[in-house]
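Residue numbers start from 1 in every chain, and the chains themselves are labelled A, B, ... in the order their sequence lines are given, proteins ahead of strands.
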Amino acid sequence: MKEILAEMITRAAFKAHEQGVLPSDAIPQPGLEEPKQEAHGDFSTNIAMVMAKVQKMAPRKIAEAIVDNLEDPENFLVKTEIAGPGFINFYLRPSLWQRVVKGILDKGDEYGRSQIGAGQKVQVEFVSANPTGPLHVGHGRGAAVGDALAALLDMCGFEVEREYYINDSGRQIRTLGLSCWLRYCELKGKEVDFPQDCYQGDYIKDLAKRIQDENLADLDSMQEEDAVLWCARFAANDILDGIKKDLKDFRVVHDVWFSEQSLYDDNSVQNALEHFEKTGDIYEKDGAKWFKTEDRGDEKDRVVVRNNGLTTYFASDIAYHKNKFDRGFDRVIDVWGADHHGYIARMKAAVDAVGRNKDAFEVVLVKLVNLLRDGEPLAMTTRGGTFETLADVVNEVGADAARFIFLSRHYESPLDFDLELAKKQTNENPVWYVQYVHARICSIESKAKDFPVSLDFDWDRDEEILKEIEEIRLMKALARYPEIVEGAARTLEPHRIVFYLRELASAFHSFYHDHMVLKEDQTPVLTKARLDLVTTVRQVIRNGLALLGVSAPESM
RNA sequence: GCGCCCGUAGCUCAGCUGGAUAGAGCAACGGACUUCUAAUCCGUAGGCCGCAGGUUCGAAUCCUGCCGGGCGUACCA
């Protein structure tokens, strides 16, 4: 509908130019928007104001010239007016909105799909928590955001892959092994001084106990270093299994689990380092090797090999991101916690050095989550305690509520997550508000069997059937969905879907309150039309919730 | 110190590429169920868009400075 209008406006402007009314032929692409106020029509354009400078004319004069030259052979418009400083407002024939119903009925689950991605390959890497402890709520938000982004991009015609990067190498894995080993020693009754920088959580004790109880290894006869390594492997694998289970329960699925260690095993890290030493991007200073990131936009150069010979995380990250692009991705999106903020510039520099466009690598920084109960903050220590893990939260409030709330704000905004609120089955809880629409409509549909419904009804007939204001508003909201999806994908902002769904839900509830779908003294045609209308609402609610990874229940 | 993000209604937050009288949810107040799920709806109230300049037909939006808050700034991960 917008395209048609834009076309009409452009044609009118050129016609006005040919007639000499508009001096310049520089006609910009008309921007059309839905005015905030219904009194300003269905669509409006500010093109006259935009052109004012070039045309050297008053905006309202330009608007007049355009309106005078509008051709509307199919009678789309019932009224056109010039308002304010030079807006042109368009009032559409109401029956035009009915076309959206047919469109959604035809497209079903595919309504909202677009091809703006044009088949470009995108990788979304998210969660990627170190396998040194269970996922906490912060990871949950990252998981919800990453998963929704992937779904959005997929819906917009990108070829998407979801990846989890496992930091299964390096010092912290050894620390994990040491922690586990020491707890094991404690169980054996040895006096142990448990260091501060070891992992304190009770889950480590549980692991040690399992090693003992299930007799998984003969640690006692091993050299201490071997025992620590064995513990490290065992603990990391077990914790990773736990992470996988937590994600599964949260309905998050990754396509690829990528091991950091594999980059060492196949010499990728080594090769990358050697390569950049040759190109001069890596140099030696103070016994360490530095990557020249400052020349590429970072604040300073960064160490990749420490003077003790050990590589830093940055070294493997360079190899990792090179690997990503080598796999043919046009865009690489990393979802990180906000505490990794300072890492972006150096990673972009590395991507630049690899010879890729810095803009092909994007980082979505997800701010932290404040867990509350009845408005009171809960302590978020790494030590075992009350509700801090993702699993606990999902257990308590359910995956639907958790995901919806995680996505209910811009990812860059800190998020308060109130456990009690998330569980409430009242209007304070936004999840239910949206899901309720779906359930209500399912209920109507199942009751519809007992009603006389016109069967030879045809949406192609251009007669006006749905003419109530609540119906028109609903259809307008439905029509907006595809561009909401596109906008959310373009800006990588899934929260837009949440806001949209609340609007659509609100429009539906208003309609529902004022008008009956199934009513005895109503024409079968109107019944059928309304039935189709609510079915399309259900469809769009379903499609939107699917993007968020939230279920659409048939009854509540 | 430097860099990034943020400051919008009592609270939590939207606000697209600058557009008309700045929006929503919650909380508050007042109404609406003999009807397809009241987990709902309708109405009222609530604002110096942190402050001060600048850009222009027009600024919550763009630029500069200041104030206030968060984060980052490792031969850590």
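Atom NZ of A/Lys61 sits in a sparse spot, with 12 or fewer heavy atoms from other residues, nucleotides or ligands closer than 6.0 Å.
Across all strands shown, A/Lys519 has no heavy atoms under 4.0 Å from either base or sugar-phosphate atoms. At the heavy-atom level, A/Pro59 lies nowhere under 4.0 Å from the strands shown. At the heavy-atom level, A/Asp450 lies nowhere under 4.0 Å from the strands shown. Residue-level contact check: A/Thr132 touches neither bases nor backbone, having no heavy atom under 4.0 Å from any strand.
The aromatic ring of A/His340 is stacked on the base of B/A77, with the two ring centres less than 5.5 Å apart and the planes inclined by under 30°. A stacking contact links A/His40 to B/A20: the aromatic ring centre lies within less than 5.5 Å of the base's six-membered ring centre, and the planes differ by less than 30°.
For the OP1/OP2 pair of B/U40 and a distance below 4.0 Å, the side-chain nitrogens and oxygens of A/Ser510 include no atom meeting the criterion.
B/A22 and B/A60: their P atoms are spaced 10 Å apart (whole Å).
A salt bridge links A/Asp42 to A/Lys476: at least one charged side-chain nitrogen sits closer than 4.0 Å to a carboxylate oxygen.
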For RNA chain B, what string of dots and brackets results from 5' to 3' when Watson-Crick and G-U pairs need both distances under 3.5 Å, crossing pairs get [ ], and pairs with another strand get |? (((((.(..((((.....[...)))).(((((.......))))).....(((((..]....)))))).)))))....
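Atom CD of A/Glu299 is separated from atom P of B/A74 by 8 Å (rounded to the nearest Å).
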